[in-house]
Visitor: 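Here it is, the structure, as structure tokens.
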Amino acid sequence: MESQGTVETVNRHKPLGLSDGQVIDMYRYMQLGRKYDERSLLLQRAGKINFHVSGIGQEAAQVAAAFALDRENDYFLPYYRDYAFVLTVGMTTRELMLSVFAKAEDPNSGGRQMPGHFGSKRLRIVTGSSPVTTQVPHAVGFALAAKMQKKKFVSFVTFGEGSSNQGDFHEACNFAGVNKLPVIIFCQNNQYAISVPAHKQLGGKVSDRALGYGFPGIQVDGNDPLEVYRVVKEARERALAGEGPTLIEAMMYRLSPHSTSDNDLAYRTKEEVDANWKKDGIAAFRTYLIELGLWSDEQERDLAAEYNLELKAAIEYAENAPFPKPEDTLLHVYSESDLKGGA
């Protein structure tokens with residue numbers, strides 16, 4: 001039986017086709033992304049891992065977008081803050097911990113890349129490279145393959161607003177627009193490209209740039225997961241109908257420093273950060289679920305305990321897993337025939 005909720009709170013998820021169970025799962029993934037991120041920050045401060053790039057404040061939009069996609073067929077090209085996104089499409093905390101500990105079993109890069117360089121053939125997460133924005137033309141290439149092979153999938157690519165100023169972004173948008181490709185181009189505008197605020201990067205909206213390339217551009221509140229879900233779902237339907245790409249600009253705020261090597265208070269104030277914590281999408285979504293009678297303080301405590309145990313087990317496994325051997329450098333570089341001296 002569905003919850004009736006309170007008189008004051010309107011059920012916004014049901015008209016979108018989302019069940020009570022699905023929105024609870026969305027919230028659980030948001031919290032898993034947050035807890036993983038917070039734990040990684042602590043591991044770096046304790047000297048257990050070398051580096052961490054945080055995505056705290058961006059989880060609500062990431063999870064909502066993942067729920068709006070086909071997690072069995074679509075292709076994903078995330079950027080380095082997308083922990084909540086990759087967890088939602090099927091990566092595990094153990095796999096992510098193997099990555100931050102740079103262990104041989106790391107499915108992303110075998111312990112070779114910095115954390116945040118996601119890759120999983122099993123989950124159709126396309127390996128990212130270090131130069132920002134290179135994933136956008138790659139995503140357009142996957143969308144071109146879908147069109148050429150007449151396959152019903154879309155590619156979904158994410159990046160920050162700083163990346164929207166790179167040539168890769170504009171070239172990819174132009175090619176996608178000309179060829180009406182099934183790609184969703186998702187900008188997570190977190191207000192800062194490392195230390196440069198958005199008003200010093202952009203003369204207008206990122207979403208408005210789509211007009212020049214012949215497809216829709218939409219700006220959405222990234223702290224509102226149900227609105228993000230709606231917009232991404234509609235973009236996917238457009239793509240599959242042959243109507244081409246959509247550029248989505250999700251407005252949010254990076255609540256943590258750029259990375260563990262960053263002092264964010266050198267370029268922004270504590271008051272600004274504190275003000276944005278009050279807009280945190282996870283806290284707002286929890287309030288929404290509580291007011292509908294779908295969540296409680298007891299469930300919150302149980303979830304925290306569950307994730308503490310999960311992360312503890314993932315950390316212990318990753319910390320004790322073997323590092324790559326020197327000869328592993330040649331793995332996945334040459335074909336098997338090349339290594340055996342074949343043609």
Side-chain angles (χ1 to χ4, degrees), residues 1-5 9-39 55-74 76 78 81-96 118 120 122-125 154 156 158 184 186 188 220-237 250 252 280-311 313-314:
M1 175 181 269
E2 294 208 2
S3 304
Q4 297 300 311
T9 302
V10 176
N11 187 316
R12 296 175 53 218
H13 61 268
K14 191 173 181 181
L16 297 174
L18 288 166
S19 68
D20 290 351
Q22 284 176 304
V23 291
I24 290 170
D25 284 344
M26 286 173 68
Y27 177 71
R28 288 174 59 88
Y29 277 116
M30 290 176 205
Q31 282 287 17
L32 182 58
R34 176 69 57 88
K35 298 297 183 188
Y36 166 80
D37 207 323
E38 292 172 341
R39 192 63 60 91
I56 291 175
Q58 302 180 213
E59 303 94 342
Q62 292 175 13
V63 172
F67 266 75
L69 298 165
D70 183 341
R71 286 174 277 174
E72 301 297 325
N73 292 293
D74 291 340
F76 313 116
R81 299 190 194 279
D82 280 0
Y83 308 110
F85 179 83
V86 297
L87 286 165
T88 308
V89 300
M91 289 200 82
T92 66
T93 52
R94 175 186 285 192
E95 289 173 327
L96 289 180
F118 308 109
S120 172
R122 169 177 62 93
L123 299 171
R124 300 164 316 287
I125 298 173
V154 306
F156 176 83
T158 69
I184 300 170
F186 190 82
Q188 297 183 42
V220 64
D221 180 359
N223 291 318
D224 184 344
L226 296 179
E227 189 63 7
V228 172
Y229 174 88
R230 180 187 68 80
V231 168
V232 175
K233 185 178 180 183
E234 289 177 0
R236 187 175 188 276
E237 290 167 355
M252 55 187 68
D280 179 25
I282 295 180
F285 201 55
R286 177 171 61 247
T287 298
Y288 170 78
L289 295 177
I290 289 172
E291 289 179 351
L292 285 177
L294 299 176
W295 198 250
S296 66
D297 291 341
E298 182 180 2
Q299 286 170 291
E300 187 73 17
R301 288 190 294 271
D302 289 345
L303 186 67
E306 176 189 336
Y307 286 162
N308 282 336
L309 288 174
E310 180 178 335
L311 287 165

Visitor: Check whether any side-chain heavy atom of Leu303 sits under 4.5 Å from a side-chain heavy atom of Tyr27, and report yes or no.
Guide: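 Yes, at least one pair of side-chain atoms sits under 4.5 Å.
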
Visitor: Quick one: salt bridge (charged side-chain N to carboxylate O under 4.0 Å, His left out) partners of Asp74, sequence neighbours excluded?
Guide: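 Asp74 satisfies salt bridge (charged side-chain N to carboxylate O under 4.0 Å, His left out) with Arg236 once adjacent residues are dropped.
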
Visitor: List the residues meeting ring-ring contact (aromatic ring centres under 6.0 Å, His included) with Tyr83, not counting sequence neighbours, and say none if there are none.
Guide: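 Partners of Tyr83 under the ring-ring contact (aromatic ring centres under 6.0 Å, His included) test: Tyr36, His52, Phe118.
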
Visitor: Is any side-chain heavy atom of Asp221 closer than 4.5 Å to one of Glu227?
Guide: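 No - every pair of side-chain heavy atoms lies 4.5 Å or more apart.
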
Visitor: Please determine whether side chain to side chain contact (heavy atoms under 4.5 Å, CB included) holds for the pair Leu289 and Gln299, giving the CA-CA distance in whole Å, both sets of side-chain angles, and the decisive distance to 0.1 Å.
Guide: CA-CA 11 Å; Leu289 295 177; Gln299 286 170 291; over 6 Å; no

Visitor: Using 0.5 Å steps for rounding, measure from the CG atom of Leu87 to the OG1 atom of Thr92.
Guide: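 If I round to the nearest 0.5 Å, the distance is 8.0 Å.
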
Visitor: If we ignore angles and hydrogens, is there a donor and acceptor under 3.5 Å between the side chains of Arg39 and Asn308?
Guide: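 Checked: Arg39/Asn308 side chains pair up, N/O donor to acceptor below 3.5 Å.
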
Visitor: Among residues at least two apart in sequence or on other chains, which ones pass side chain to side chain contact (heavy atoms under 4.5 Å, CB included) with Glu38?
Guide: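 Side chain to side chain contact (heavy atoms under 4.5 Å, CB included) list for Glu38, sorted by chain: Arg34, Lys35, Ile56.
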
Visitor: What are the two closest heavy atoms between Asp37 and Gly55, and how far apart are they?
Guide: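 Asp37 and Gly55 have their closest heavy atoms at OD2-N, 2.7 Å.
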
Visitor: Would you please name every residue forming a ring-ring contact (aromatic ring centres under 6.0 Å, His included) with Phe76, sequence neighbours left out?
Guide: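 Partners of Phe76 by the ring-ring contact (aromatic ring centres under 6.0 Å, His included) criterion, ordered by chain and then number, come out as Phe85.
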
Visitor: Which pair of non-hydrogen atoms, one from Gly222 and one from Ala60, has the smallest distance, and what is that distance?
Guide: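 So the minimum-distance heavy-atom pair works out to O-CB, 4.0 Å.
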
Visitor: Would you check if the side chain of Glu59 reaches a backbone N or O of Gly57 as a donor-acceptor pair within less than 3.5 Å?
Guide: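 A pair under 3.5 Å: yes.
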
Visitor: Roughly how far apart are Ser19 OG and Leu294 CG, rounded to 0.5 Å?
Guide: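 Interatomic distance, Ser19 OG to Leu294 CG, rounded to 0.5 Å: 9.5 Å.
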
Visitor: Mark yes or no for whether Gln62, through its side chain, and Arg81, through its backbone, hold a donor-acceptor pair below 3.5 Å.
Guide: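 Checking the backbone N and O of Arg81 against the side chain of Gln62, a donor-acceptor pair under 3.5 Å is found.
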
Visitor: Can you name the salt bridge (charged side-chain N to carboxylate O under 4.0 Å, His left out) partners of Glu306, sequence neighbours left out?
Guide: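 With neighbours one apart ignored, the set is Arg28.
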
Visitor: Residues in salt bridge (charged side-chain N to carboxylate O under 4.0 Å, His left out) with Glu300, at least two apart?
Guide: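 Residues passing salt bridge (charged side-chain N to carboxylate O under 4.0 Å, His left out) with Glu300: Arg286.
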
Visitor: Rounded to the nearest 0.5 Å, what's the gap from CG on Leu292 to OG1 on Thr287? Could you check?
Guide: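 If we round to the nearest 0.5 Å, Leu292:CG and Thr287:OG1 are 11.0 Å apart.
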
Visitor: Checking Val220 against Arg230 for the side chain to side chain contact (heavy atoms under 4.5 Å, CB included) test, could you report, in this order, the C-alpha distance in whole Å, the side-chain angles of both residues, the deciding distance, and whether it holds?
Guide: CA-CA 10 Å; Val220 64; Arg230 180 187 68 80; over 6 Å; no

Visitor: Taking all non-hydrogen atoms of both residues, which atom of Thr88 and which atom of Ala66 are closest, and how far apart?
Guide: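 Shortest heavy-atom contact: CG2-CB, 3.5 Å.
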
Visitor: Show the numbers, then the answer: is there a side chain to side chain contact (heavy atoms under 4.5 Å, CB included) between Leu69 and Val89?
Guide: CA-CA 9 Å; Leu69 298 165; Val89 300; 5.9 Å; no

Visitor: Tell me, do Met252 and Gln188 make a side-chain contact under 4.5 Å, heavy atoms counted?
Guide: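 Yes - at least one pair of side-chain heavy atoms lies under 4.5 Å apart.
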
Visitor: With a 4.5 Å limit on heavy-atom distance, are the side chains of Lys233 and Leu18 in contact?
Guide: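 Heavy-atom side-chain distance check fails, nothing below 4.5 Å.
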
Visitor: May I ask you to test the Val23-Leu226 pair for a side-chain heavy-atom distance under 4.5 Å?
Guide: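 Val23 vs Leu226: side chains touch.
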
Visitor: Tell me, please, which residues at least two apart from Ala284 pass side chain to side chain contact (heavy atoms under 4.5 Å, CB included).
Guide: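 For Ala284 there are no side chain to side chain contact (heavy atoms under 4.5 Å, CB included) partners, ignoring immediate neighbours.
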
Visitor: Measure the spacing between CZ of Phe67 and CG of Leu16 and express it to the nearest 0.5 Å.
Guide: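 If I round to the nearest 0.5 Å, the distance is 13.5 Å.
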
Visitor: Grab the two heavy atoms, one from Pro78 and one from Thr158, that are nearest each other, plus how far apart they are.
Guide: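 Residues Pro78 and Thr158, closest heavy atoms: CA-OG1, 3.4 Å.
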
Visitor: Tell me every residue that passes ring-ring contact (aromatic ring centres under 6.0 Å, His included) with Tyr29, counting only those two or more places apart in sequence or in another chain.
Guide: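 ring-ring contact (aromatic ring centres under 6.0 Å, His included) check on Tyr29 returns nothing, list empty.
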
Visitor: Does Asp224 have any salt bridge (charged side-chain N to carboxylate O under 4.0 Å, His left out) partners at least two apart in sequence or in another chain, and if so, which?
Guide: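 Checked Asp224 against salt bridge (charged side-chain N to carboxylate O under 4.0 Å, His left out); matches are Arg12.
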
Visitor: List the residues meeting side chain to side chain contact (heavy atoms under 4.5 Å, CB included) with Ala64, not counting sequence neighbours, and say none if there are none.
Guide: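 In terms of side chain to side chain contact (heavy atoms under 4.5 Å, CB included), with neighbours along the sequence ignored, Ala64 is linked to Met26, Pro225, Val228, Tyr229.
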
Visitor: Can you name the closest pair of heavy atoms from Leu32 and Tyr307 and give their distance?
Guide: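 Closest heavy-atom pair between Leu32 and Tyr307: N-CE1, 3.5 Å.
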
Visitor: Checking Asn11 against Asp20 for the side chain to side chain contact (heavy atoms under 4.5 Å, CB included) test, could you report, in this order, the C-alpha distance in whole Å, the side-chain angles of both residues, the deciding distance, and whether it holds?
Guide: CA-CA 10 Å; Asn11 187 316; Asp20 290 351; 4.3 Å; yes

Visitor: Could you tell me which residues satisfy side chain to side chain contact (heavy atoms under 4.5 Å, CB included) with Glu298, sequence neighbours excluded, listed by chain and number?
Guide: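 Once residues adjacent in sequence are excluded, the partners of Glu298 under the side chain to side chain contact (heavy atoms under 4.5 Å, CB included) criterion are Ser296, Arg301, Asp302.
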
Visitor: Once side-chain hydrogen bond (donor to acceptor under 3.5 Å, both in side chains) is applied, do any residues pair with Thr93, and if so which ones, sequence neighbours excluded?
Guide: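 Counting only residues at least two positions away or on another chain, Thr93 forms a side-chain hydrogen bond (donor to acceptor under 3.5 Å, both in side chains) with Glu310.
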
Visitor: Roughly how far apart are Ile125 CD1 and Leu123 CG, rounded to 0.5 Å?
Guide: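 It comes to 5.0 Å.
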
